[in-house]
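Worksheet: one structure, shown below.
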Amino acid sequence: MTHPRVLRLYDIIAGADFDALALIPGANLQYVTGVDFHLMERPLVAFFVPDQEPVAVVPALETDRLAASGIPFRLFPWSDGEGYGGAFAAAAEALRLAGRLGVEELRMRVLESTIIQRHLPDVAIVPGGAALAELRMHKSDDDVAALRDAIRISEEALDATIAQVQPGMTEREITGLLVVEQLKRGGGKHPFEPIVLSGPNSALPHGEVGDRPVAEGEPLLIDFGTTVRGYASDITRTFSVGAPSPRLAEVYAVVLAANEAGRQKAAPGVPAEEVDRAARQVIESAGLGEFFTHRTGHGLGLQAHEGPNIVAGNARLLEPGMVFTVEPGVYLPGEVGVRIEDDVLITPDGALSLTTFRRDLVQIGT
Ligand code: GLY
Ligand code: MN
């Protein structure tokens, strides 16, 4: 078995002291096979065991896509009519697996884990997420090209959207504009539901889009992305509809300085937590630390949230090829929220913001 991405999985198995890895539909399986399978009620499990051809138990309707992946899976298809029990029993017979099976603990469901326990009784299911994070942590030139395309589409769409925003438009209407502008430019699936929040709603970091109309003097926070070849952009800008209130201008200046401090800290050899600390210190010094209620950033790639986490306690040294967000925010409940989010690539001699959308407080709708 010489497929380079399967060999990477075998390295991870050896490094983590696993005997095998099991993947289900999601970014890791997409990275290995090049195919984006849906996680649905039909179980699909791929088993990777060093010195064996990989094994996949696959719903019949997905067999052709998996067979075309270029990886020589031993396929155990099952149809809706017959159910999956027989296919898992046959796969278990072929695998004859015992020992530690690493799984994606944030993704694998009771559905798959109980099937594995039933058919592979000598296997201990262990968390494989931290080891698997290494698989996609360093982006290739092709990955970065896809990220750049996704970011360009999002930034152009954001420009086109804010040019159309008027006071009185609802969050939902503005979201509609943004979605259409991305699709028009070739944007793919949304990596997450767009977050478009007006006025006091902007103080909810992951608030839900609603029918609230935006008024003059209010913030409008827009956090969104698109995908190109599976790779996600993730950008936040906070605007002022009309002239900003003094409170919005004051908070904005602090968050902008924190964003700059975080981006400036990013470089090879710097612990990820130092980027968080640099951004957080600015906000704490302004007396607003308690209102910055999340980590400074997260890795970005086939998933909108992946490694490395830019968070206190993550001593992992940054390395060229890592891509992550720098997105400090300040959220004053019931009043105003500001977040400024960039997507940063670690280069051999520093860091480059792949997002270039202007960061000053832009007045829109006037
Ligand atoms: N948007 C901030 C986070 O999820 O970490
Ligand atoms: Mn983000």
Side-chain angles (χ1 to χ4, degrees), residues 27 106-107 129 133 136-137 139 147-148 150-151 153-155 157-158 175 178 182 187 189-197 201-209 219-228 230-238 251 254-256 258-263 265-266 272-280 282-283 288-314 316 318 322-333 336-346 351 353-357 359:
L106 294 182
R107 194 155 183 91
R136 298 182 287 113
M137 190 93 81
K139 272 61 188 182
L147 284 164
R148 282 182 184 277
I151 288 166
I153 288 168
S154 291
E155 294 194 327
L158 184 58
T175 304
L178 189 63
Q182 290 201 121
K189 277 190 201 170
H190 295 128
F192 53 92
E193 287 296 313
I195 299 170
V196 175
L197 302 171
N201 288 351
S202 59
L204 303 166
H206 285 178
E208 202 179 338
V209 168
L220 181 69
L221 185 152
I222 302 183
D223 180 354
F224 71 111
T226 189
T227 48
V228 169
Y231 283 83
S233 52
D234 185 6
I235 303 169
T236 310
R237 289 293 184 267
T238 309
V251 171
V254 173
V255 176
L256 179 57
N259 170 290
E260 282 168 356
R263 282 185 293 110
K265 191 76 195 172
E273 65 183 350
E274 291 295 329
V275 175
D276 179 80
R277 187 163 324 176
R280 199 165 298 278
V282 172
I283 293 174
L288 295 171
E290 69 183 287
F291 303 110
F292 179 15
T293 47
H294 54 77
R295 63 191 167 188
T296 290
H298 52 82
L300 188 64
L302 287 175
Q303 274 181 306
H305 288 185
E306 57 182 51
N309 260 332
I310 308 301
V311 67
N314 185 6
R316 172 76 192 250
L318 299 175
M322 290 179 174
V323 175
F324 53 85
T325 66
V326 173
E327 52 174 309
V330 167
Y331 311 95
L332 305 180
V336 61
V338 173
R339 179 162 67 253
I340 304 172
E341 176 178 30
D342 285 298
D343 303 339
V344 171
L345 167 69
I346 298 295
S353 180
L354 301 176
T355 38
T356 55
F357 199 96
R359 299 186 184 88

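We count ligands from 1, going down the list as the structure has it; atoms in each ligand are counted the same way. Numbers for residues simply follow the sequence, beginning at 1.
- In this structure, Arg237 forms no cation-pi arrangement with Phe357, as its terminal cationic atom is not both closer than 6.0 Å to the ring centre and no more than 45° off the ring axis.
- A donor and an acceptor atom, one from each side chain of Ser154 and Gln182, are located under 3.5 Å apart.
- Ion pairing between Glu327 and Arg359 fails under the 4.0 Å rule for side-chain N and carboxylate O.
- A donor-acceptor pair under 3.5 Å is formed between the side chain of Thr355 and the backbone N or O of Asp343.
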Are there any N/O pairs under 3.5 Å between ligand 1 and the protein, and if so, what are their distances?
from     : atom 1 : to     : atom 2 : distance (Å)
ligand 1 : 1 (N)  : His206 : NE2    : 2.9
ligand 1 : 1 (N)  : Glu327 : OE1    : 3.0
ligand 1 : 4 (O)  : His206 : NE2    : 3.4
ligand 1 : 5 (O)  : Arg295 : NE     : 2.7
ligand 1 : 5 (O)  : Arg295 : NH2    : 3.3

Derivation and outcome, ring pair (Phe, Tyr, Trp, His ring centres under 6.0 Å), residues His294 and Tyr331: CA-CA 10 Å; His294 54 77; Tyr331 311 95; 5.5 Å; yes
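- Side-chain contact of His298 with Asp234: a donor-acceptor pair under 3.5 Å is present, judged by distance alone.
- Atoms of the protein (N, O or S only) found under 2.8 Å from the Mn ion (ligand 2) are Asp234 OD2, His298 NE2, Glu327 OE2, Glu341 OE2.
- Thr325 contributes no side-chain N or O that, together with a main-chain N or O of Asp342, makes up a donor-acceptor pair within less than 3.5 Å.
- Between the side chain of Thr236 and the backbone N or O of Arg339 there is no donor-acceptor pair closer than 3.5 Å.
- Between the side chain of Glu155 and the main chain of Thr356, a donor-acceptor pair closer than 3.5 Å is present.
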